[in-house]
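Before any comments, here is the structure.
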Amino acid sequence: MILLRGINLAGDSKVPPFAPRVGPVDLDRVAELGFNVIRLLFVWEAYEPSPGVYDEAYLASVMTVAAEASRRGVFTIVDFHQDGFSRHASYGTGDGFPRWAVSPRGRPSTPNNGPLSSDWPLMMALDPTTHLSFADFYADTYGFRSQYLLMISRVASSFATIPGVIGYDLINEPWGDERRELAPLYRDAAAVVRSVHPSAILFLEGHVKTNTGIQTRLPRPEFDAAVYAPHYYNPSTIVLRHWHGLTTTMDLAFHHMTSTAEAWNCPLFVGEFGMDARVTGSGAYVEEVYDRLDAAFASGAHWNLTPGWTEQLKDGWNGEDFSILDPSGRIRSNFRPRPYPRATAGVPKRFAFNRGSSRFKTSTLDYDWIHDPNRGETEVFVPRLVFPPGFPAEVRTADPSAVVSLWYDESTQLLRIQTDRPTAISLRARAR
């Protein structure tokens, strides 16, 4: 089993000049922090500013990031990103679709993605043009849905040449009826992607409202290699700018997400989660989310890393401040490196990480699994920022005659475990 823990790149990619300001040093940092996948934003407006006119330089810039990530052993999920349809909808606070795809029945807005547009979810919900545009898009009233599928096909054909690109998030945080409009779009988009990138995994989200933990009504996809990929944000924490520590709604949200993945018989990948760094208790909130990912053996991608972050513009879009690093590369309050079982040669049973506190200074990592040596080694990412070199680790096996090999690779921060025969293993590591 491969567990994906990743980061979204990048917040300022939603607005001009669009090309991701992500370099080799940034990707080195991504790998160092233990992320093994990036969810890489791709903006239709940037690629096709006029109908049928494609900016190949923009495509090349995004592909370069994916290729550099692959060289570092980091996978890429290409995210066809939009929020509120377009910069020319949602009263100027959206992103994604080009201006020419905004419904002619509506009234296009002047883009306004500055620091004062933090109320963009309300603007998105209240703008009639946003909803007219989605309705006309799904109905293909003006051919924009057809253009979207053609764009996806072109992009997937290019990214298929990069080994580390494992799949595509077909549309970010969409509006629309999940059964009548969104599911058929996924069916048709899957067909065009698979025609040019047959091995691609397809990441499927529900209606934008499912970001708050509401249960989706998306039907189980008819095509294979699909992943349920919802997002999760706690709206009260964002609005009140304080994490209250009550996990009831978070627990319910994860129940909804995991139950859908089980019903689909597919993995769960939480494509976005995180918290504004200015929120009181943001680090503790994010830890709670990761705890639930661990408990469910679910994959996910933290929102976000923006190398172009500035004190004035923050993430560079609508005043959001979710980036996990400051411009010098230091970790901010809304992220804490933590271990996870990156690759399991066998069947995982239980994983738990307890971070040491000011009172209880020992951090512990516990992992139980059924090991199958025919599947190779089990790899657990153990960050040196939490477990300094020389930390004690011990294993217990159900078969006392099994020979266990355990060693820590400091260059990759991977604890590797192998046995000479199948057996149940319990691993415990400690650090002060």
Side-chain angles (χ1 to χ4, degrees), residues 1-7 28 30-38 69-75 163-164 166 258 267-270 287 290-302 336-356 360-432:
M1 183 197 76
I2 301 296
L3 199 60
L4 299 176
R5 292 292 169 83
I7 191 74
D28 288 341
V30 165
E32 180 187 14
L33 291 172
F35 298 121
N36 61 349
V37 67
I38 57 173
S70 182
R71 293 188 183 98
R72 290 157 177 79
V74 176
F75 300 115
I166 59 172
T258 55
L268 172 64
F269 181 90
V270 183
E287 289 274 87
Y290 273 109
D291 284 345
R292 281 149 186 79
L293 291 174
D294 288 345
F297 288 105
S299 296
H302 199 126
R336 301 172 185 174
R338 54 187 287 145
Y340 69 98
R342 177 177 291 195
T344 302
V347 181
K349 293 297 184 181
R350 185 184 73 92
F351 180 82
F353 168 61
N354 293 305
R355 189 183 298 276
F360 302 103
K361 298 182 181 298
T362 300
S363 297
T364 60
L365 174 165
D366 292 279
Y367 187 32
D368 301 330
W369 76 99
I370 308 297
H371 190 83
D372 180 357
N374 295 322
R375 299 187 183 183
E377 301 170 353
T378 290
E379 300 177 348
V380 182
F381 175 74
V382 184
R384 64 175 67 93
L385 290 174
V386 182
F387 292 80
F391 64 87
E394 59 186 34
V395 293
R396 291 180 289 107
T397 63
D399 182 350
S401 64
V403 177
V404 181
S405 299
L406 181 148
W407 65 100
Y408 182 67
D409 184 338
E410 292 191 13
S411 64
T412 61
Q413 303 174 82
L414 291 176
L415 187 63
R416 302 176 184 271
I417 305 97
Q418 178 62 290
T419 66
D420 65 340
R421 66 195 65 185
T423 185
I425 297 181
S426 293
L427 165 70
R428 164 160 280 208
R430 299 183 304 276
R432 292 183 62 83

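Note that the structure is a prediction, hence the values are computed from the model and not measured.
Take F297 and apply the ring-ring contact (aromatic ring centres under 6.0 Å, His included) test, not counting sequence neighbours, and it matches no residue. Considering only residues two or more places apart in sequence or on other chains, A398 meets the side chain to side chain contact (heavy atoms under 4.5 Å, CB included) condition with T423, A424. Scored by the side chain to side chain contact (heavy atoms under 4.5 Å, CB included) test, P337 finds L33, I331, F335, P383, L385 as partners (sequence neighbours excluded). With sequence neighbours left out, R396 forms a side chain to side chain contact (heavy atoms under 4.5 Å, CB included) with S426. In this view, F391 and F387, Y408 satisfy the ring-ring contact (aromatic ring centres under 6.0 Å, His included) rule, not counting sequence neighbours. Applying the side chain to side chain donor-acceptor pair (under 3.5 Å) criterion to R430, with sequence neighbours excluded, gives no partner residue. Under the rule for a side chain to side chain donor-acceptor pair (under 3.5 Å), the partners of D28 that lie at least two apart in sequence or sit in another chain are R72. Evaluation of the side chain to side chain donor-acceptor pair (under 3.5 Å) rule for T378 yields W369, H371 as partners, not counting sequence neighbours. Residues that satisfy the side chain to side chain contact (heavy atoms under 4.5 Å, CB included) test with R336, not counting sequence neighbours, are E287, R355. Annotation: salt bridge (Lys or Arg N to Asp or Glu O under 4.0 Å) contacts of D291 (sequence neighbours excluded): R338. Shown here are the ring-ring contact (aromatic ring centres under 6.0 Å, His included) partners of F75, two or more places apart in sequence or in another chain: there are none.
The two atoms that bring S299 and L4 nearest to each other are OG-N, 2.9 Å, heavy atoms only. Shown here for F269 and A301, the closest heavy-atom pair between the two residues is CZ-CB, 3.8 Å. Summarising the geometry of I425 relative to T419, their closest heavy-atom pair is CD1-CG2, 3.4 Å, with the distance given to 0.1 Å. Between G356 and S363, the shortest heavy-atom contact is N-OG, 2.7 Å. Considering every non-hydrogen atom in both R342 and F381, the closest pair reads NH2-CD1, 4.1 Å.
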Subject >> Test salt bridge (charged side-chain N to carboxylate O under 4.0 Å, His left out) applied to D294 and R350, step by step >> reply: CA-CA 8 Å; D294 288 345; R350 185 184 73 92; over 6 Å; no
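The main-chain N or O of A298 is found under 3.5 Å from a side-chain atom of R5 such that the two form a donor-acceptor pair.
Residues L3 and Y340 form a side-chain contact, since some pair of their non-hydrogen atoms from C-beta on lies under 4.5 Å apart. Two residues are said to be in side-chain contact when any heavy atoms from C-beta on lie closer than 4.5 Å; Q413 and V382 fail this criterion. Inter-residue side-chain proximity for F353 and D366 is flagged as unmet; no heavy-atom pair is nearer than 4.5 Å. Using a 4.5 Å cut-off on side-chain heavy atoms (C-beta onward), V74 and F35 make no contact.
For residues 411-420, the set of pairs meeting the salt bridge (Lys or Arg N to Asp or Glu O under 4.0 Å) definition, not counting sequence neighbours, comprises E377-R416, E379-R416, D409-R416.
The closest side-chain donor-acceptor pair between S401 and R421 falls under 3.5 angstrom.
Atoms OG1 and CG, on T397 and L427 in that order, are 12.5 Å from each other to the nearest 0.5 Å.
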